[in-house]
Protein chains: 2
Amino acid sequence: MFMCDIVARLKKTGIRLTPQRQEVLQVLLEGALLEERQPLSAEEILQKVRQRYPGISLDTIYRTLATFKKLDLVCEVNFRDGCRRFELMLQEEHHHHLVCLKCGHARELPFCPADCLARAQEHYPDFEIADHAFTVYGYCEKCRKSY
Amino acid sequence: MFMCDIVARLKKTGIRLTPQRQEVLQVLLEGALLEERQPLSAEEILQKVRQRYPGISLDTIYRTLATFKKLDLVCEVNFRDGCRRFELMLQEEHHHHLVCLKCGHARELPFCPADCLARAQEHYPDFEIADHAFTVYGYCEKCRKSY
DNA sequence: TCCTAGATCGGAAATATTCCTATTTCCTGC
DNA sequence: GCAGGAAATAGGAATATTTCCGATCTAGGA
């Protein structure tokens with residue numbers, strides 16, 4: 001999945017392609033290509049984008065993330081650290097997270113409680129499921145040592 | 001599970017039993033006994049507690065919730081509505097939630113992705129799991145109609 | 001009853017997020 | 001290529017949530 005693919009995908013939706021949005025996308029994409037991707041907060045994204053596009057505002061980051069989320073391009077992860085975190089969602093690798101409550105480091109869980117999702121739908125057939133989250137919290141090897 | 005049981009449980013832990021803590025407990029317990037319990041925000045708990053104990057401060061609510069959480073008496077639910085929400089956790093009925101992103105109404109999911117939790121532990125054997133969350137987001141029958 | 005570690009209050013501070021308005025800009029149709 | 005208009009942006013103000021801090025109070029053990 002590369003920039004041009006996503007841009008093409010965005011153009012189809014009719015959304016305007018501003019340089020700000022492309023820079024946010026770029027930052028998220030770089031995050032997604034790292035070996036150990038870490039979901040980013042709005043503030044973190046702001047800092048990274050500003051390195052290349054200094055004038056961007058925090059409001060634009062939030063609006064862009066909201067827009068991308070509506071387009072299922074971005075998903076939200078709750079680290080319980082007081083802010084929302086986001087990462088690029090590439091369908092082919094839907095996943096969940098394991099988060100250290102001390103250092104905030106996240107690891108990926110490459111599997112999904114699909115059966116639970118199905119049971120939820122059975123249980124509440126009239127509910128329109130839009131999204132779901134499965135997150136495991138605890139202490140990583142490094143942090144549990146320093147108790 | 002009644003007040004006296006919980007109080008007994010608290011006393012065992014050595015934690016001080018202040019009237020403020022008991023009032024917070026009372027509010028959470030009332031919430032837990034409702035047919036359709038809704039996890040409460042700190043502000044909501046504050047309002048309810050103040051009806052009986054007007055002098056209590058928001059800080060105390062937050063501190064009390066943090067204390068109860070450490071004792072596994074309370075758990076946190078993320079509604080994606082900008083604040084943390086809490087509910088009394090009665091072991092015998094561990095559950096997860098289905099949340100409407102429009103009206104904020106929550107329903108319970110009386111089952112748990114236990115297999116995923118086990119797989120997570122297998123995947124990361126050195127991670128000390130403390131907690132987990134499974135939440136389904138979407139639109140309830142009422143809200144999906146008003147699109 | 002006294003003592004003291006621990007808890008509380010109230011307000012200030014720190015964070016995170018959204019709102020607002022004037023201005024700018026992307027895109028469509030010519 | 002150019003103009004028009006709807007959509008997006010910047011920047012700062014406003015709001016909301018959560019935490020911090022110092023002074024004071026108190027639950028519970030001795």
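Note on naming: letters A, B, ... go to the chains in the order of the sequence lines (proteins, then strands), and numbering restarts at 1 for each one. Bear in mind that the values here come from a model prediction, so they are computed numbers and not experimental data.
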Under a plain distance cut-off of 3.5 Å, with no hydrogens placed, do [Y] and [X] share a side-chain donor-acceptor pair?
{"X": "A:T67", "Y": "A:T64", "value": "no"}
{"X": "B:E87", "Y": "B:H97", "value": "yes"}
{"X": "A:Q47", "Y": "A:E43", "value": "yes"}

(Q) Below 4.0 angstrom, which residues in residues 40-55 of chain A have at least one non-hydrogen atom near DNA chain D? (A)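 Under 4.0 Å from DNA chain D: A:Y53, A:G55.
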
Q | Residue pair A:E122 / A:P125: nearest heavy atoms and the distance that separates them | A |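 That closest heavy-atom pairing would be O-CD, 3.3 Å.
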
Q.
Counting only heavy atoms and a strict 4.0 angstrom limit, can you tell me which residues of residues 56-66 of chain A come near DNA chain C?
A.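 Those residues are A:L58, A:D59, A:Y62.
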
Q: Please say whether the positively charged group of A:R144, taken as NZ for Lys or CZ for Arg, lies over the ring of A:Y139, i.e. under 6.0 angstrom from the six-membered ring centre and within 45 degrees of the axis.
A: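 Not satisfied by the 6.0 Å and 45° rule.
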
Between [Y] and [X], is the closest basic N to carboxylate O distance under 4.0 Å?
{"X": "B:E128", "Y": "A:K142", "answer": "no"}
{"X": "A:E76", "Y": "A:R85", "answer": "no"}
{"X": "A:D59", "Y": "A:R63", "answer": "yes"}

[atom1] of [X] versus [atom2] of [N]: gap in Å, rounded?
{"X": "B:K69", "N": "D:dT18", "atom1": "NZ", "atom2": "P", "result": "12 Å"}
{"X": "A:D81", "N": "D:dT18", "atom1": "CG", "atom2": "P", "result": "13 Å"}
{"X": "A:F86", "N": "C:dA16", "atom1": "CZ", "atom2": "C1'", "result": "11 Å"}

Q. Is the centre of the A:H132 ring less than 6.0 Å from the centre of the B:H96 ring?
A.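 No: the rings miss the under 6.0 Å criterion.
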
Q.
Generate the contact string for nucleotides 23-30 of chain D. Rules: B means base contact, S means sugar-phosphate contact only, - means no protein heavy atom under 4.0 Å.
A. ---BBS--

(Q) Using a 3.5 Å distance criterion without hydrogens, assess whether the side chain of A:E36 forms a donor-acceptor pair with backbone atoms of A:R107. (A)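 Answer holds: no.
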
